[in-house]
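Working notes for the structure below.
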Amino acid sequence: MKIYVSGLYSGGNPQPGVGITRSLRQGYPDATLVGVEYSNRSSGIHWPELDEVWLQRPWDELNLSAHGEAIRALLDGGALWISGSDLETMWLASVFPEGHANLLTPNAAALARITKPQVEAHEGLPVQIPPYIPTDRSDWDLHAFCRKHDWRVWLKGPYYDAVRTRSWDSFEAVRTTLAKVWNTERLFLQAHVTGYEESVMLCAYEGELLGCVRMRKREITEEGKTWAGDVSEVDEAFLTPLRRILRELNWTGGGELEMVRDADHRLWLLEMNPRFPAWVHGATIAGVNLPALLVEGATGVAAQRPEPGRGEFTRVVVEVPVRSEFPLPPLPEHLGGGTGHSLKHPSGLPALAERLHKLNVLDGGDNETSSGGDAPTVPNTMVEDLLAQDFNRIETPAWVFMESTAADTFKRAAAMAHTLSTNQTRVTNAYSIKTNPDARLIKLALDSGFMAEGISLLELHKALEVGFRPDQLILNGPGKWWPEGMIPKEQIHAVFCDSAPDLKKTVAALNSGELKAKIVGVRIRTPHIPSRFGIALDTPETFKSLVESIATLPEDTGFGVHFHMASSNIGVKAWWRLFDSMLRWCQSLERLTGRTIEVLDIGGGWFPDDWHSVDHSDFAKAVKRAQAALPNVGQIISEPGKAMAQPTMALAMRVLETQEEDGEITEAVVDASIAELPMYFHYPHRVLTQDRGGDWKTLKRGKSQLMGRLCMEHDVVAANIELPEGTRAGDVLVFCDAGGYDRSMSYVFGRG
Ligand SMILES: *Cc1c(COP(=O)(O)O)cnc(C)c1O
């Protein structure tokens with residue numbers, strides 16, 4: 001008996017070849033085991049239990065048809081082949097469309113039905129697929145997905161690689177890298193599921209399940225790979241549908257379903273692999289030798305049974321001698337500070353992926369990379385606002401005030417506050433002035449029934465100048481008494497204190513008559529949330545001292561609580577969890593201080609789309625929960641800043657120069673820069689340009705870089721955008737969604 005085993009990479013993210021070899025050796029002590037590799041740097045080629053090593057040219061050099069024929073000759077001659085690599089398996093399925101009795105890998109149709117992330121074949125298993133979104137959607141939609149899932153998301157390649165991306169700039173960087181490595185734009189983002197990882201490993205021959213085990217990861221490496229695990233039986237509820245599915249797929253070979261079990265014991269399927277997992281020998285140790293069962297099923301030759309073992313295994317690192325015929329490769333040249341070879345993808349799988357794309361073996365073919373995905377949509381008001389401008393007469397870069405968009409945004413916020421208000425509790429918006437202190441926006445806020453929220457006395461004065469009354473003002477933040485001597489003489493609506501000393505100072509100002517405020521409150525910082533703001537509640541001592549300070553508030557002042565975490569950073573779901581946690585802290589405060597909370601201020605930090613499209617019913621329910629928890633709350637204030645301001649301004653710029661390669665624009669220099677778009681790294685901006693017919697169109701992703709006018713390496717205002725054909729110097733591009741912190745935090749730079 002001669003068995004070929006491939007996939008011998010044995011680093012931190014190992015392939016299963018060595019484990020398969022060890023298990024086969026246990027089951028068939030006399031078989032000839034041949035290791036197959038495409039790189040002499042996969043250390044598994046030195047595993048002593050291999051009788052021979054069949055080392056091939058790297059995948060990018062290999063003559064694929066000759067290799068396919070050589071394998072056919074081996075199989076025809078009676079040898080068996082077990083693949084340890086997904087891509088090799090896919091390629092083999094294309095070489096042997098009808099399969100081969102001695103080829104122990106799944107067929108092409110079965111492979112097509114386990115493609116990530118949907119894993120069509122899972123129907124019937126007691127598992128769910130975590131929410132995902134393909135990355136050919138617009139950046140705008142991808143960012144929304146990340147916010148929705150609290151930035152607990154994975155960016156995954158179609159075959160290998162999964163990277164947690166916790167922010168927009170890291171997402172963009174990883175997307176660029178993965179697309180390049182795997183030569184495809186076909187990536188996807190998937191929501192993280194918190195829970196314990198477990199797998200079901202199986203083997204089948206011509207559709208008949210031969211054996212399977214369940215394994216829970218007990219220790220994992222930094223990359224999340226198994227280091228130790230426990231092995232147990234697969235329960236009947238899983239086994240019955242699995243058996244049926246494998247029959248339907250006519251499955252041959254090993255396989256693994258990777259899953260997460262959440263706190264409610266629900267199973268989520270991450271992927272189904274068409275091969276044994278690298279921990280395969282861990283199950284053999286525990287008494288279930290699946291590679292041997294597979295060979296037995298294929299050949300009818302009985303395997304030696306493994307010793308019944310204990311159900312747990314762990315890994316260790318083992319040194320083995322290097323085979324004399326394959327000495328270590330020489331050290332690389334001293335270049336660029338390198339310290340040796342990197343063990344990332346030593347077996348050249350990215351090169352194989354590239355070739356398989358060209359051969360159309362992997363779905364999509366090679367021309368898919370040119371598609372820039374969906375173009376983002378913009379509200380009609382934005383297009384109207386742009387049509388109302390005469391860009392021939394605008395000197396760029398220029399801020400464009402989007403008048404009807406702004407009016408619409410404030411109108412909707414006012415309507416929402418009105419709808420959510422009840423007889424018992426009024427819901428009030430307060431415009432956060434710092435987000436964009438443009439007088440036009442402050443005036444819109446005034447006209448839309450907003451209050452005005454300032455973080456400095458200067459901001460309050462600006463609101464007064466625009467027409468706000470003192471009793472419509474809210475003062476907030478850690479430096480709010482700046483500059484000195486500017487506290488309004490009349491009573492203002494509310495002051496929220498950011499620290500214990502701040503509370504002391506506020507009480508003193510109230511007692512001396514320097515400050516008059518209807519409501520005085522505290523900003524609280526709920527435990528486990530990293531923030532520099534608010535009064536911490538994380539120890540009994542800090543909580544006690546907060547309770548004591550609140551007792552010093554004058555009796556004739558109302559009491560309130562403010563909390564503020566940016567849902568645009570922590571995510572929408574996390575924000576709602578925090579809201580409920582905050583309500584519980586408020587109940588404790590009421591009980592311990594004996595003071596009732598009259599005003600609840602829930603801050604800002606909402607991304608516009610989340611705020612405006614937030615199902616009003618979510619908010620309505622939240623108002624009900626607040627009323628139930630804190631029956632004396634007569635007013636709930638929200639302080640939207642960017643949710644109002646961000647869509648209300650756009651940045652217009654002109655192209656200064658374009659550079660082309662093969663007739664395609666690869667780079668363009670524009671007269672704007674990150675000095676005008678400082679939020680560029682934090683969220684995507686929708687970019688529009690006017691076509692020859694005068695219509696405004698949003699641009700898709702593409703291969704051009706838009707470089708700012710500054711002489712700075714990182715001044716790239718769009719890293720992957722598709723400029724329309726014929727774009728030339730002088731053309732106008734408009735970056736929307738720039739009316740929040742882009743506008744207010746832009747700086748003067750490079751203007752002499
Ligand atoms: C900045 C700020 C806001 C508004 O935040 P956005 O992120 O612009 O929505 C609201 N309240 C306070 C106290 C703030 O400091």
Side-chain angles (χ1 to χ4, degrees), residues 143 147 151 167-168 406 409-410 412-413 416-417 427-438 441-442 444-445 450-460 462-463 472-482 492-499 502 506 517 519-525 529 531-535 560-572 574-575 578-579 582 599-614 619 635-649 678-679 682-683 737-746:
H143 191 261
R147 296 193 310 273
W151 282 101
S167 64
W168 184 245
T409 307
F410 278 89
R412 282 196 287 159
M416 177 161 155
V427 175
T428 312
N429 287 310
Y431 179 62
S432 153
I433 295 172
K434 77 160 187 295
T435 308
N436 185 340
D438 191 292
L441 295 175
I442 300 178
L444 266 175
F450 279 50
M451 292 191 158
E453 180 266 324
I455 57 158
S456 71
L457 295 173
L458 280 177
E459 286 192 351
L460 292 196
K462 174 109 181 218
Q472 293 173 306
L473 303 182
I474 298 167
L475 189 56
N476 216 329
K480 59 181 146 309
W481 305 113
W482 174 84
I492 63 172
H493 183 62
V495 174
F496 290 96
C497 303
D498 204 61
S499 65
D502 187 13
T506 306
I519 303 288
V520 171
V522 289
R523 175 168 180 170
I524 57 172
R525 186 203 307 169
I529 300 292
S531 168
R532 59 164 276 206
F533 298 111
I535 301 178
V561 168
H562 172 70
F563 112 111
H564 179 140
M565 275 310 295
S567 83
S568 58
N569 292 340
I570 64 169
V572 174
W575 193 92
L578 211 56
F579 176 80
M582 194 260 320
V599 172
L600 198 59
D601 181 331
I602 60 172
W606 287 77
F607 198 85
D609 289 8
D610 297 339
W611 177 252
H612 295 284
S613 73
V614 134
F619 261 102
Q635 185 183 31
I636 296 177
I637 302 174
S638 71
E639 300 176 342
K642 57 178 172 262
M644 295 298 125
Q646 193 171 295
T648 67
M649 289 191 188
M679 302 309 287
H682 297 278
Y683 66 88
D737 313 298
Y741 295 101
D742 283 312
R743 177 68 195 93
S744 53
M745 293 167 70
S746 61

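All values below were derived from every heavy atom in this structure, side-chain atoms included, with hydrogens, water molecules and symmetry-related copies excluded. All ligand and atom numbering here is 1-based and tracks the order in the structure.
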Does Ile455, backbone or side chain, put an N or O under 3.5 Å from an N or O of ligand 1? no
Just need the protein heavy atom nearest to atom 9 (O) of ligand 1, so name the residue and atom and give the distance. Gly605 N, 2.7 Å
Minimum-distance protein heavy atom relative to atom 12 (C) of ligand 1: Glu639 OE1, 3.4 Å
With atoms numbered from 1 as shown, which atoms in ligand 1 lie under 4.0 angstrom from a non-hydrogen atom of Asn476? 13 (C)
Give the residue and atom name of whichever protein heavy atom lies nearest to atom 1 (C) of ligand 1, and the separation in Å to one decimal. Lys434 NZ, 1.2 Å
Distance-only, no hydrogens or angles: does the Asp737 side chain make a donor-acceptor pair with backbone N or O of Pro647 under 3.5 Å? no
Could you tell me whether the side chain of Pro640 reaches within less than 4.5 Å of the side chain of Phe450, counting heavy atoms only? yes
Strictly below 4.0 Å, N to O, side chains only: are Asp498 and Lys480 in salt-bridge contact? no
May I ask you to check if ligand 1 and Tyr741 share an N or O to N or O distance below 3.5 Å? yes
Inter-residue atom distance Phe619.CZ - Ile636.CD1, 0.5 Å rounding: 9.5 Å
Show the atoms of ligand 1 that are less than 4.0 angstrom away from any heavy atom in Ser432. 1 (C), 2 (C), 3 (C), 4 (C), 10 (C)
Sequence neighbours excluded, the answer for salt bridge (Lys or Arg N to Asp or Glu O under 4.0 Å) partners of Lys462 is none
Verify the ring-centre separation between His143 and Phe607: is it less than 6.0 angstrom? yes
So Leu600 and Phe563, do their side chains get closer than 4.5 Å, heavy atoms only? no
Starting from atom 7 (O) of ligand 1, what is the nearest protein heavy atom, named by residue and atom, and what distance separates them? Lys642 NZ, 2.9 Å
Please indicate whether any nitrogen or oxygen in Gly641 is less than 3.5 Å from any nitrogen or oxygen in ligand 1. yes
Would one find an N or O of Thr435, backbone or side chain, under 3.5 Å from an N or O of ligand 1? yes
Please list, in number order, the atoms of ligand 1 under 4.0 Å from a heavy atom of Gly604. 9 (O), 10 (C)
Output the distance between atom CG (Asp601) and atom NE2 (His564), rounded to the nearest 0.5 Å. 9.5 Å
